[in-house]
Amino acid sequence: MPFFLYLPNYQKEDVLIGLEMGVDNFIIFPFDETTVINKIQHQIDKAEKLKFFDTPGFHQSFEKSPVAKFITQNEQILKINSAFSRLVRKPVDVEQLPKIEDVFDISYPETNEMNFRKCMNGLKDQCLFQALPLKHNPVLKFDVHLVYTEYLGEDKFMGEVMPVQRISRIDNTPDLSGELKRDATETGEKEAVWLTPREKEVLYWSAQGVPIKQIANILHISERTVEKHRANIMSKTDSNSIIEAIYAMQHKKGVNFN
């Protein structure tokens, strides 16, 4: 329930005390009926929008989505889901999230930056940026869609991030098989530890924190096939999880995924 404080006249000290008490808004004499009604309605609408984040529908579509999503206001990212967290390598509940420009390189081409400024200044209600490279790993490129959504509040945009699907293979993937072969020769390990080209691609994208669904989109294969490749990788590296397999490749085999 919104809480208003009526003041017979404006006193700065009274307003500060009211704010400390958690007052939502003030009604100061003299006032007219329309102004008071608008203030109350605005506060009710604001409270309803905040409740939206606690609804099962929002939790299902945002928090549990395999698609990387974020909410932004004035370039500052306010909220991210788990899929986006893996991209920016920051926990979902971190106190200070980065700005959009700290995550994606929007400087090229010029049309990207121009459309971005239009969105942030309220001149456009949606923008699609194609093939934006990640700042910390330019090899990875994503399509980013920003859409103004009224229920989130003033000047807030919902962003969705999808890998560039036209990538059919990974030309910049390190040749892991060569390193594995050399290491196996030196240590006497069985040839079974060597990865196939497809397993190498799946491992590379998994090491970048890309979810199974997005890896499937990038490689144009089914999610089930990605899961099978990951299972093979875990078996060949004697790991209990894909994270453990990545760790083993990095720290035991010396493979660099950057």
Side-chain angles (χ1 to χ4, degrees), residues 1-65 67-85 88 90-104 106 110-129 132 144-161:
M1 180 180 295
F3 184 76
F4 290 79
L5 182 63
Y6 167 74
L7 298 174
N9 52 62
Y10 176 81
Q11 295 289 336
K12 182 178 179 181
E13 292 77 10
D14 292 339
V15 172
L16 292 175
I17 292 173
L19 291 173
E20 289 179 1
M21 293 170 58
V23 172
D24 293 303
N25 213 322
F26 299 87
I27 299 173
I28 301 174
F29 184 85
F31 58 84
D32 61 84
E33 182 178 338
T34 301
T35 300
V36 173
I37 291 174
N38 288 340
K39 279 189 175 184
I40 294 173
Q41 188 60 54
H42 175 75
Q43 202 62 44
I44 291 174
D45 291 343
K46 184 178 179 181
E48 289 299 318
K49 288 171 181 175
L50 290 175
K51 287 181 184 177
F52 177 81
F53 293 106
D54 297 324
T55 62
F58 177 79
H59 187 74
Q60 185 67 27
S61 64
F62 185 83
E63 301 288 355
K64 296 294 185 181
S65 174
V67 177
K69 294 184 178 183
F70 63 96
I71 296 171
T72 183
Q73 182 178 33
N74 297 331
E75 305 176 26
Q76 177 64 51
I77 297 175
L78 304 177
K79 189 176 182 65
I80 61 177
N81 67 355
S82 297
F84 191 86
S85 170
V88 299
K90 282 186 177 292
V92 173
D93 57 354
V94 70
E95 185 175 345
Q96 183 62 44
L97 290 168
K99 293 184 177 181
I100 294 177
E101 293 172 280
D102 296 331
V103 179
F104 301 102
I106 63 169
E110 281 188 18
T111 51
N112 271 343
E113 188 161 9
M114 182 173 63
N115 285 331
F116 179 72
R117 298 303 169 197
K118 286 181 178 179
C119 266
M120 294 299 101
N121 289 302
L123 300 178
K124 297 184 70 174
D125 59 5
Q126 63 175 311
C127 291
L128 174 62
F129 308 98
L132 291 183
V144 180
H145 191 204
L146 289 179
V147 180
Y148 171 73
T149 44
E150 187 176 350
Y151 61 79
L152 293 176
E154 296 179 0
D155 303 325
K156 290 187 177 68
F157 284 80
M158 174 78 79
E160 289 193 347
V161 182

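This chain uses plain numbering: 1 for the first residue, then up along the sequence.
- Shown here for I40 and F4, the closest heavy-atom pair between the two residues is CA-CZ, 3.6 Å.
- When all heavy atoms are compared, the tightest approach of I77 to L97 is O-CB, 3.4 Å.
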Exercise. Going through the distances and angles, do K156 and L78 end up as a side-chain contact (heavy atoms from CB on, under 4.5 Å)?
Worked result: CA-CA 9 Å; K156 290 187 177 68; L78 304 177; 3.6 Å; yes
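- Two residues are said to be in side-chain contact when any heavy atoms from C-beta on lie closer than 4.5 Å; I71 and F157 fail this criterion.
- Using a cut-off of 4.0 Å between Lys/Arg side-chain N and Asp/Glu carboxylate O, K99 and E75 are scored as not salt-bridged.
- Here Q76 pairs with nothing under the side chain to side chain donor-acceptor pair (under 3.5 Å) rule; sequence neighbours left out.
- To the nearest 0.5 Å, atom CD1 of residue I80 and atom CD of residue E63 are 9.5 Å apart.
- Residues satisfying the side chain to side chain donor-acceptor pair (under 3.5 Å) test with T35, not counting sequence neighbours, are D32.
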Problem set entry | I106 and L132: CA distance, side-chain angles, deciding distance, side-chain contact (heavy atoms from CB on, under 4.5 Å) verdict | CA-CA 6 Å; I106 63 169; L132 291 183; 3.9 Å; yes
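- Shown here are the side-chain contact (heavy atoms from CB on, under 4.5 Å) partners of L7, two or more places apart in sequence or in another chain: L5, D14, V15, F26, I28.
- Scanning both residues, A83 and S65, for their nearest heavy atoms gives CB-O, 4.0 Å.
- For F84, the ring pair (Phe, Tyr, Trp, His ring centres under 6.0 Å) test picks out F70, with sequence neighbours left out.
- Two residues are said to be in side-chain contact when any heavy atoms from C-beta on lie closer than 4.5 Å; M158 and K79 fail this criterion.
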For this session: For side-chain contact (heavy atoms from CB on, under 4.5 Å), just list the numbers for F129 and F104, CA-CA rounded to whole Å, side-chain angles, deciding distance to a tenth of an Å, and then say yes or no.
Result: CA-CA 10 Å; F129 308 98; F104 301 102; over 6 Å; no
Side-chain donor-acceptor contacts of residues 120-127 below 3.5 Å, not counting sequence neighbours, with atom names and distances?
residue	atom	partner	partner atom	Å
N121	ND2	R117	O	2.8
K124	NZ	N115	OD1	3.4
Q126	OE1	H145	NE2	3.0

